[in-house]
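Everything below concerns the one structure shown next.
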Amino acid sequence: MDVQSWTLLLVVISFSLYIGIAIWSRASSTSDFYIAGGHVPALANGLATAADWMSAASFLGMAGLLSFTGYDGSVYLMGWTGGYVLLALLLAPYLRKFGKFTVPDFIGDRYYSNITRTVAVICALLVSFTYVAGQMRGVGLVFSRFLEVPIDTGVIIGMIIVLFYAVLGGMKGITYTQVAQYCVLIFAFMVPAIFISIQMTGNPVPQLGMGAQVLGEEISLLDKLDGLSEALGFTAYTDGSKSTVDIFCITAALMVGTAGLPHVIVRFFTVPNVRDARKSAGYALLFIAILYTTAPAVAVFARTNLIETVSDQPYEEMPEWFRKWETTGLIVFDDKNKDGLIQYVGDTDKNELTVDPDITVLANPEIAKLPNWVIALVAAGGLAAALSTAAGLLLVISTAISHDLIKKQWKPNISDKYELALARISAVIAVCIAGYFGINPPDFVAATVALAFGLAAASFFPAIILGIFYKKMNKEGATAGMVAGILIMLYYMLRFKFDMFGGGNSSDWWFGISPEGFGTVAMLLNFIISLSVSALFKDPPIEVQEIVENIRLPKNAGRANSH
Amino acid sequence: MDNPQKKAKAYWNENLRYLVILLSIWFVVSFGAGILLKDWLNAIKIGGFGLGFWFAQQGAIYVFVILIFVYVRLMNKLDKKYGYDD
C-alpha cells in the first residue's frame with residue numbers, strides 16, 4: 001500500500017474513534033460542558049492535559065527547531081516542562097480547591113472586582129485565539145501534504161470534526177477524545193524515533209541512542225554531529241549561539257507562561273479533589289516528558305541524517321523525498337557555484353540549501369527510509385496533536401463568552417439550560433473564527449504565539465500566585481500589576497517584533513534580552529508594582545481573606561459549581 | 001492541635017517549607033546545571049553527553065517529573081498528619 005492510502009486509512013480510523021467517543025460522552029449540564037462534571041479520574045486528566053498541551057508545534061515543530069538550533073532549543077524543552085512543576089506546586093491544588101469553572105472566575109472573585117475579571121477575560125481570549133489559529137493551520141498542512149487536498153479543504157475538515165465533539169460534548173467530550181488522541185500521537189511519535197535510533201546506534205531507546213556510539217564507528221553520535229557541524233561552518237550542535245542571559249530569561253518566561261495558560265489551568269478543575277489535582281499534574285508531565293525527551297533525540301538523528309544525505313552530494317542523485325519537499329517550497333536548492341553538488345554550509349554567501357525546520361518530523365521517516373505505514377502514522381499523530389489542542393482552546397474561548405461575560409456580568413439570572421445553549425453557540429462561533437484564521441493566517445502568528453506566553457507570564461501568573469500566597473493582596477495592587485505587566489510586554493513586543501515605537505535590533509534590547517524572554521522582566525515588574533500599590537490601599541475584605549485561608553486547606557473540595 | 005486556626009497555620013508552614021526545598025531543586029537542575037553552569041559541566045562526559053547539555057535536554061525534565069511525584073507523596077502524608085485528607 002502506498003503512503004496516501006495508509007494515511008487515509010489511519011485518519012479515517014482515528015477520526016471515527018474521536019466521533020464515537022464524542023457521541024458517548026455528551027454534555028447535559030453546564031458543569032459537564034465546562035469541567036466534565038468535575039469527576040475525571042487523575043490518570044485520564046493527566047493524559048488529556050498532555051494531549052491538550054502538546055500542539056502541532058510540539059509534535060511537528062519542536063524536533064525540527066531543536067535540530068536546527070542545537071543547544072539553543074533547550075529553552076523550549078526546559079521551559080515547556082518546568083512550567084508544570086510551578087503549576088503542580090503553586091497553582092493547581094489551590095485553584096481546584098477554589099472550585100469554580102474558569103481562571104477569570106478565580107481572579108474576579110479573589111479580587112472582588114468585575115474590572116479585574118474583565119481584564120482576565122480579555123487576556124484569556126487573546127492568548128487562546130492566537131494559539132488556535134496556528135492549530136487549524138497545522139491541520140490544514142498535514143491534510144494537504146499527505147492527502148493532497150488543498151490546505152483550505154483540510155482546515156474545513158478539521159473544523160467539522162472539532163465542532164462535532166466540542167459542541168456536543170464540551171469539556172466532557174474533549175477530555176475523553178484527548179485521552180485517545182494522546183495515545184495516537186505518542187505512538188506516532190515514538191515508532192519512527194525507535195526505528196531510527198536502532199538504525200543509527202543499535203540502541204532502541206532514543207533518549208540513550210542520542211548519546212550512544214554510531215553503529216560501525218568509534219565515535220558518539222553527539223561528538224560526530226558537533227564535528228560535522230563545525231566542519232561545515234555551523235556552530236557546534238551542543239554549544240548554541242544565544243547569550244546566557246537570554247537563554248535564562250526565555251526559559252523562565254516559557255515556564256511561567258505555561259503555568260499561566262488558561263486552557264491548561266482549567267484542566268485541573270475537572271478532577272474530583274485536591275489530591276487528584278496534584279496527582280494529575282504529575283501524570284501530565286510524565287506523559288509530556290515521554291515526547292519531550294524523545295524530541296531532542298529525533299533532532300540529533302534528523303540533523304545527522306540530513307547532513308550526511310545532502311552535503312557535497314550531486315543534486316541529480318537526491319532521493320525522492322527531496323524532490324517532493326522541493327515542490328512544496330520547503331526545501332530550496334540554489335546551485336550558486338554551478339558544480340551540481342549541494343554545498344550545505346554555515347556561510348550564508350556560499351550556502352546553497354535552505355531547509356524549513358518544520359518538515360523535520362514529517363520528512364524524517366522518509367529520510368530514514370522507514371516503511372509507508374510509519375510515515376502515515378506520523379500524519380495521523382500530527383492531526384491528533386493539532387485537534388486536541390484546538391478543542392481545548394475553543395472551550396476556553398466559549399466559556400469565557402458564555403460564563404465569564406454573559407452569566408457573570410451581563411445576565412446573571414439565566415438558567416443552566418440556557419447557559420449551556422449559549423456555551424454551545426459560542427463554541428460554534430469560536431470554531432468559525434479559528435477556521436477563518438486557519439485559512440487566512442495572519443503573518444504575525446509565529447510572533448504572537450511567543451507574545452501569548454509573555455502575556456500569560458506578565459499578567460495571570462503574578463495575579464494568581466499573589467492571590468494564593470499573599471492574603472493581603474488587594475484589587476488595586478493586582479489590577480495595577482496586571483495592567484502594567486501587559487502594557488510593558490506589549491510595548492516591547494511591538495517595538496522589537498513589529499518595528500513600532502522606533503523599532504530597533506538586538507543591540508537595542510534591554511539587558512540583552514530578546515522579546516521572547518522579556519516576559520520574565522514584565523512578570524517581575526508586575527510583582528513589584530502589585531506589592532507596592534497594594535501597600536497604599538486598604539486590605540481586602542474579611543470574606544476574601546477567608547477565601548484565601550480556605551483554598552490553602554485541601555479538605556472538602558466539593559464538586560465545582562457556579563454559585 | 002485542637003485550635004483549628006493554629007492547625008491550619010502549622011499545616012501551611014510545613015507546606016511552604018516543602019515548596020522552598022522542591023523549587024530550589026527545580027531551579028538548580030534547570031537554570032543552574034542546564035544554563036549557568038552548562039559550559040563547566042560539559043567537561044564531564046557521561047554516556048556520550050556533555051553533562052551540562054544532558055541536563056538541558058534530558059536530565060532537567062526527568063528531575064521535574066520526579067519532583068512532582070515527590071510533592072504528591074509529601075503532601076498526601078501531610079494531609080493525613082493534619083487530618084485534611086477526605
Side-chain angles (χ1 to χ4, degrees), chain A residues 66 70-71 73-75 77-79 81-82 84-90 93 201 207-208 210-213 219-223 237-240 244 247-248 251-252 255 272-275 278-279 281-286 288-289 292-293 295-297 299-300 469 549 552-557, chain B residues 4-5 7-9 11-13 15-16 18-23 25-27 29-39 42 45-50 52-76 78-80 82-86:
Chain A
L66 287 163
Y71 170 78
S74 313
V75 295
L77 294 170
M78 289 187 285
T81 54
Y84 276 84
V85 178
L86 298 176
L87 200 55
L89 271 57
L90 303 177
T201 65
Q207 285 85 344
L208 300 174
M210 178 184 175
Q213 272 200 353
I219 186 169
S220 89
L221 188 56
L222 277 171
D223 286 340
Y237 189 82
T238 55
D239 267 350
T244 302
I247 295 265
F248 190 99
T251 307
M255 282 186 181
N273 54 45
V274 174
R275 199 185 153 103
R278 297 182 193 131
K279 202 157 64 174
Y283 283 132
L285 184 59
L286 176 67
I288 291 168
Y292 271 53
T293 53
V300 170
F469 290 88
E549 291 195 339
R552 291 176 176 184
L553 304 177
K555 207 172 164 59
N556 299 330
Chain B
Q5 248 178 343
K7 190 172 107 172
K9 202 162 163 59
Y11 171 84
W12 184 244
N13 286 339
N15 176 19
L16 290 181
Y18 289 152
L19 292 186
V20 171
I21 296 169
L22 294 172
L23 287 178
I25 300 172
W26 166 82
F27 185 86
V29 294
S30 51
F31 294 97
I35 297 176
L36 299 174
L37 303 174
K38 173 225 165 202
D39 290 328
N42 270 348
K45 295 270 176 194
I46 289 176
F49 292 91
F53 181 80
W54 182 79
F55 264 108
Q57 301 215 334
Q58 298 277 314
I61 304 175
Y62 300 135
V63 177
F64 292 158
V65 176
I66 296 167
L67 282 178
I68 299 186
F69 282 106
V70 168
Y71 169 75
V72 170
R73 261 192 88 92
L74 288 174
M75 291 309 285
N76 284 347
L78 194 65
D79 290 352
K80 218 176 199 156
Y82 284 87
Y84 289 136
D85 51 334
D86 285 322

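Model, not experiment: these values are computed from the prediction. Just so we're on the same page: letters track the sequence lines, and every chain starts at 1.
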Q. For the rings on B/Trp26 and A/Tyr84, is their centre-to-centre separation under 6.0 Å?
A. no
Q.
Looking only at heavy atoms and a cut-off of under 4.5 Å, which of B/Leu67, B/Leu19, B/Leu36, B/Ile61 has the most pairs with chain A?
A. B/Ile61
(Q) Quick check on A/Leu221 against chain B: is it the side chain, the backbone, both or neither that has a heavy atom closer than 4.5 Å? (A) neither
Q: Quick one: closest heavy-atom pair of B/Tyr71 and A/Pro93, and the distance?
A: OH-CG, 3.6 Å
(Q) Could you tell me if the side chain of A/Thr244 sits less than 4.5 Å from the side chain of B/Lys38, heavy atoms only? (A) no
Q | Atom pair OG1/CZ of A/Thr81 and B/Phe64 - distance to nearest 0.5 Å | A | 5.0 Å
Q. Side-chain contact, heavy-atom cut-off 4.5 Å: B/Leu23 with A/Leu86?
A. yes
**Q.** Side chain / backbone / both / neither for A/Met255 at chain B, heavy atoms under 4.5 Å
**A.** side chain
(Q) So which residue, A/Leu90, A/Thr251, A/Leu87, ends up with the most heavy-atom pairs under 4.5 Å with chain B? (A) A/Thr251
Q: Could you look at B/Ala8 and say if it's the side chain, the backbone, both or neither that has a heavy atom under 4.5 Å from chain A?
A: both
Q.
If we define contacts as heavy-atom pairs under 4.5 Å, which of A/Leu208, A/Leu66, A/Val85 has the most with chain B?
A. A/Val85
Q) chain B: which of A/Gly79, A/Ala297, A/Ser74 shares the most heavy-atom pairs with it under 4.5 Å? A) A/Ser74
Q) Relative to each other, are the rings of B/Phe69 and A/Tyr283 parallel, tilted or perpendicular (30° and 60° limits)? A) perpendicular
Q: Can you tell which part of A/Ile219 gets under 4.5 Å to a heavy atom of chain B, answering side chain, backbone, both or neither?
A: neither
Q.
What part of B/Tyr18 gets within 4.5 angstrom of chain A, counting heavy atoms only: side chain, backbone, both, or neither?
A. neither
Q.
Can you tell me how far apart CE (A/Met210) and CD (B/Gln57) are? Round to the nearest 0.5 Å.
A. 4.5 Å
Q) Given a strict heavy-atom distance threshold of 4.5 Å, which part of A/Ala252 is in contact with chain B: side chain, backbone, both, or neither? A) both
Q.
Pair B/Leu16, A/Phe469 - check side-chain contact (heavy atoms from CB on, under 4.5 Å), show working.
A. CA-CA 10 Å; B/Leu16 290 181; A/Phe469 290 88; 3.8 Å; yes
Q. Once you round to the nearest 0.5 Å, how far does CH2 of B/Trp54 lie from CD of A/Gln207?
A. 11.0 Å
Q: Answer whether the closest heavy-atom distance between the side chains of B/Ile35 and A/Met78 falls below 4.5 Å.
A: yes
**Q.** Side-chain touch B/Lys45/A/Asp223, heavy atoms, less than 4.5 angstrom
**A.** yes
Q: Measure across B/Asp79 and A/Arg278 and return the closest heavy-atom pair with its distance rounded to 0.1 Å.
A: OD2-NH1, 3.0 Å
Q) CG of A/Leu286 to CD1 of B/Ile68: how many Å apart, nearest 0.5 Å? A) 9.5 Å
**Q.** Segment of A/Ser220 engaging chain B (4.5 angstrom heavy-atom cut-off)
**A.** side chain
Q. Where does the angle between the aromatic ring planes of B/Phe53 and A/Tyr71 fall among parallel (under 30°), tilted (30 to 60°) and perpendicular (over 60°)?
A. tilted
**Q.** Top contributor to chain B contacts, counting heavy-atom pairs under 4.5 Å, from A/Gly73, A/Gly211, A/Pro296
**A.** A/Gly211
Q) Tell me, side chain or backbone of B/Asn76 under 4.5 Å from chain A's heavy atoms, or both, or neither? A) both
Q) Can you tell if the side chain of B/Tyr11 reaches within under 4.5 Å of the side chain of A/Arg552, non-hydrogen atoms only? A) no
Q: Measure the CH2-CD distance between B/Trp12 and A/Glu549 for me, rounded to the nearest 0.5 Å.
A: 10.5 Å
